[in-house]
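Reckoned from all heavy atoms, side chains included, excluding hydrogens, waters and symmetry mates.
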Amino acid sequence: MRKVAAAIASVEDDPSIAVNIGYATDIINEVGLDSLKMTDFILGLEDDFGISIDFDKVEYETFTRVDRLIDFLIEATGASAPSPVAS
């Protein structure tokens with residue numbers, strides 16, 4: 001969760017917003033990532049998590065909310081799910 005929040009804050013060039021990002025945060029409507037920033041964000045996720053995202057196989061909605069994105073990243077990396085109380 002923290003890594004995703006930090007990535008969003010980095011793309012927005014505002015480290016202070018990371019503390020306000022939670023599992024239910026809408027990345028598009030609440031944070032306000034436009035298409036260019038979303039592209040930068042996704043490319044950054046690929047680098048940060050060592051994955052390659054095939055957009056032909058991933059639904060757009062995967063990237064609209066933090067919880068959906070984390071679920072996708074867990075599956076893509078084979079990591080274990082974080083505790084619901086941990087962030």
Side-chain angles (χ1 to χ4, degrees):
M1 168 66 196
R2 288 185 181 140
K3 201 169 187 178
V4 171
I8 293 169
S10 176
V11 169
E12 280 292 296
D13 199 24
D14 183 359
S16 68
I17 67 169
V19 297
N20 297 320
I21 295 173
Y23 287 101
T25 299
D26 183 316
I27 298 169
I28 307 296
N29 296 314
E30 289 179 50
V31 178
L33 293 189
D34 61 21
S35 59
L36 182 58
K37 287 182 180 179
M38 183 59 87
T39 300
D40 289 342
F41 172 61
I42 292 170
L43 291 173
L45 290 176
E46 288 182 322
D47 289 342
D48 291 348
F49 289 91
I51 60 174
S52 181
I53 299 171
D54 182 350
F55 292 100
D56 292 331
K57 297 180 180 179
V58 179
E59 297 292 324
Y60 170 78
E61 288 77 24
T62 300
F63 300 100
T64 60
R65 280 183 35 148
V66 172
D67 55 354
R68 292 180 193 139
L69 179 58
I70 289 174
D71 289 344
F72 168 79
L73 292 170
I74 289 169
E75 184 177 323
T77 62
S80 60
S83 166
V85 294
S87 55

Looking at residues at least two apart in the chain, or sitting in another chain, which of them share a side-chain hydrogen bond (donor to acceptor under 3.5 Å, both in side chains) with Asp71?
-> none
Partners of Ser16 by side-chain hydrogen bond (donor to acceptor under 3.5 Å, both in side chains), sequence neighbours excluded?
-> Asp14
Listed partners of Asp26 passing side-chain hydrogen bond (donor to acceptor under 3.5 Å, both in side chains), at least two apart = Asn29
Side-chain (Ser10) to main-chain (Ala7) donor-acceptor, under 3.5 angstrom | no
CD1 on Ile53 to CG on Leu73, rounded to 0.5 Å | 7.0 Å
Is there side-chain contact between Met1 and Ile21, with at least one heavy-atom pair below 4.5 Å?
-> yes
Got more than 12 heavy atoms from elsewhere within 6.0 Å of CD, Glu61?
-> yes
Taking C-beta and beyond as the side chain, do Thr25 and Ile8 meet within less than 4.5 Å on heavy atoms?
-> no
Does Ala18 have any side chain to side chain contact (heavy atoms under 4.5 Å, CB included) partners at least two apart in sequence or in another chain, and if so, which?
-> Ala5, Ala9
Distance from Phe49 atom CZ to Phe72 atom CZ, nearest 0.5 Å?
-> 10.5 Å
Quick one: side chain to side chain contact (heavy atoms under 4.5 Å, CB included) partners of Leu43, sequence neighbours excluded?
-> Thr39, Glu46
Starting at CD of Glu30, measure out to CD1 of Ile17 and round the result to the nearest 0.5 Å.
-> 11.0 Å
Distance from Asp13 atom CG to Asp40 atom CG, nearest 0.5 Å?
-> 11.5 Å
Determine, using the 4.5 Å side-chain heavy-atom cutoff (strictly less than), whether Val19 and Leu69 are members of one ILVMFWY cluster.
-> no
Going by heavy atoms in the side chains, are Tyr23 and Ile70 under 4.5 Å from each other?
-> yes
Before giving the answer on side-chain contact (heavy atoms from CB on, under 4.5 Å), spell out for Phe41 and Val31 the whole-Å C-alpha distance, their side-chain angles and the decisive distance to 0.1 Å.
-> CA-CA 12 Å; Phe41 172 61; Val31 178; over 6 Å; no
Listed by chain and number, what are the side chain to side chain contact (heavy atoms under 4.5 Å, CB included) partners of Asp34, not counting sequence neighbours?
-> Leu36, Lys37
How many angstroms lie between atom OG1 of Thr77 and atom CG of Leu45, to the nearest 0.5 angstrom?
-> 11.0 Å
Atom pair CE/OH of Met38 and Tyr60 - distance to nearest 0.5 Å = 5.5 Å
